[in-house]
Amino acid sequence: MPEVVLAVARFGFLALLWIFVFAVIGVVRRDLFGTRQARLVASPRGIPSASARPAKVKRGKTARTVVVTEGALAGTRITLGDSPITIGRADDSTLVLTDDYASTRHARLVPRGGQWLVEDVGSTNGTYLDRAKVTGPTPVPLGAVVRIGRTSFELRS
């Protein structure tokens with residue numbers, strides 16, 4: 001085999017190896033530190049602005065609690081308020097998961113327009129709502145199962 005072809009093959013392999021290394025570093029970095037998230041802007045008194053408050057629902061049942069139905073935290077209940085619920089392995093998450101398939105900052109539940117939306121915040125393994133992968137802010141109906149790794153939870157009134 002000509003030496004030129006062999007040299008080009010070596011450089012090509014080296015380039016692919018470095019691309020792989022940088023991709024692995026990016027995934028590990030995202031898993032450890034999460035992605036940047038927009039923060040809600042509060043007024044000077046610490047009260048959320050009117051645009052940050054969810055609209056009140058006049059009729060129908062609204063979600064009041066999150067109940068973990070499967071996983072290591074089965075039976076855990078979190079009362080819902082006006083602030084978002086963060087979910088992941090990070091110690092500062094509202095719902096701290098000990099699941100190997102959960103990212104540090106995995107997902108969050110956000111109140112908007114009288115309903116709760118689930119959004120994946122750049123997790124490695126994804127967030128699922130009734131077996132469908134969540135790709136953007138998605139409304140969560142009462143009783144619908146949200147799955148993150150081996151942990152499942154649902155909203156209840």
Side-chain angles (χ1 to χ4, degrees), residues 16 19-157:
L16 286 175
I19 291 171
F20 175 75
V21 167
F22 285 123
V24 168
I25 289 171
V27 168
V28 169
R29 183 185 166 282
R30 248 188 335 268
D31 194 36
L32 289 176
F33 302 112
T35 56
R36 291 184 181 219
Q37 299 176 13
R39 302 253 182 229
L40 290 176
V41 178
S43 66
R45 296 182 192 162
I47 301 169
S49 63
S51 62
R53 280 190 217 133
K56 301 212 178 203
V57 176
K58 295 181 181 175
R59 55 186 125 114
K61 292 184 179 183
T62 59
R64 298 189 192 280
T65 58
V66 174
V67 179
V68 179
T69 56
E70 291 182 27
L73 299 172
T76 302
R77 292 177 170 267
I78 297 175
T79 303
L80 297 173
D82 292 335
S83 60
I85 304 291
T86 57
I87 305 164
R89 288 195 326 233
D91 291 333
D92 62 344
S93 296
T94 310
L95 180 59
V96 180
L97 302 178
T98 56
D99 194 334
D100 292 338
Y101 296 101
S103 297
T104 305
R105 308 238 185 273
H106 197 101
R108 66 180 168 185
L109 285 168
V110 182
R112 201 174 290 152
Q115 60 185 352
W116 285 87
L117 306 176
V118 65
E119 55 186 328
D120 190 281
V121 290
S123 68
T124 305
N125 294 319
T127 302
Y128 294 86
L129 175 63
D130 283 337
R131 297 184 182 175
K133 190 169 186 173
V134 174
T135 57
T138 308
V140 181
L142 288 174
V145 177
V146 178
R147 185 175 55 84
I148 295 174
R150 294 183 180 135
T151 304
S152 297
F153 60 90
E154 59 188 51
L155 299 181
R156 295 185 182 167
S157 58

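These values consider heavy atoms only, across backbone and side chains, with no hydrogens, waters or symmetry-generated copies. All residue numbers refer to positions in the sequence shown, counting from 1.
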Gap between atom [atom2] of [Y] and atom [atom1] of [X] - 0.5 Å precision:
{"X": "T86", "Y": "L109", "atom1": "OG1", "atom2": "CG", "result": "9.5 Å"}
{"X": "R29", "Y": "T104", "atom1": "CZ", "atom2": "OG1", "result": "12.0 Å"}
{"X": "F20", "Y": "I25", "atom1": "CZ", "atom2": "CD1", "result": "10.5 Å"}
{"X": "R64", "Y": "L142", "atom1": "CZ", "atom2": "CG", "result": "10.0 Å"}
{"X": "N125", "Y": "Y101", "atom1": "CG", "atom2": "OH", "result": "8.0 Å"}
{"X": "D99", "Y": "E70", "atom1": "CG", "atom2": "CD", "result": "11.5 Å"}

[X] versus [Y], closest heavy-atom pair with distance:
{"X": "A144", "Y": "L129", "result": "CB-CD1, 3.9 Å"}
{"X": "T94", "Y": "I78", "result": "O-CD1, 4.1 Å"}
{"X": "T69", "Y": "R156", "result": "CG2-NH2, 3.8 Å"}
{"X": "K133", "Y": "G126", "result": "CE-CA, 4.0 Å"}
{"X": "R105", "Y": "S93", "result": "NH1-OG, 4.3 Å"}
{"X": "R89", "Y": "A102", "result": "NH1-O, 2.6 Å"}

One pair to check against side chain to side chain contact (heavy atoms under 4.5 Å, CB included): L97 and L95. What are the steps and the verdict? CA-CA 6 Å; L97 302 178; L95 180 59; 4.0 Å; yes

For V67, does its backbone N or O pair with a side-chain atom of R77 as donor and acceptor, under 3.5 Å? no

T76 side chain to A74 backbone, donor-acceptor under 3.5 Å: no

Derivation of the side chain to side chain contact (heavy atoms under 4.5 Å, CB included) call for H106 and D120: CA-CA 6 Å; H106 197 101; D120 190 281; 4.0 Å; yes

Before you tell me yes or no, could you show the steps for I87 and F153 under side chain to side chain contact (heavy atoms under 4.5 Å, CB included), namely the whole-Å CA-CA distance, both residues' side-chain angles and the distance that decides it to 0.1 Å? CA-CA 11 Å; I87 305 164; F153 60 90; 3.5 Å; yes

Positive for side-chain contact (heavy atoms from CB on, under 4.5 Å) with S103, one of T124, I148, T127: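 Single pass found, and it is T124.
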
Under the side chain to side chain contact (heavy atoms under 4.5 Å, CB included) rule, what do V134 and Y128 come out as? Steps first, then yes or no, please. CA-CA 5 Å; V134 174; Y128 294 86; 5.9 Å; no

How about D92: does its CG atom have over 12 heavy atoms from other parts shown lying under 6.0 Å from it?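 Yes - once you tally the heavy atoms of other residues, nucleotides and ligands closer than 6.0 Å, there are more than 12.
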
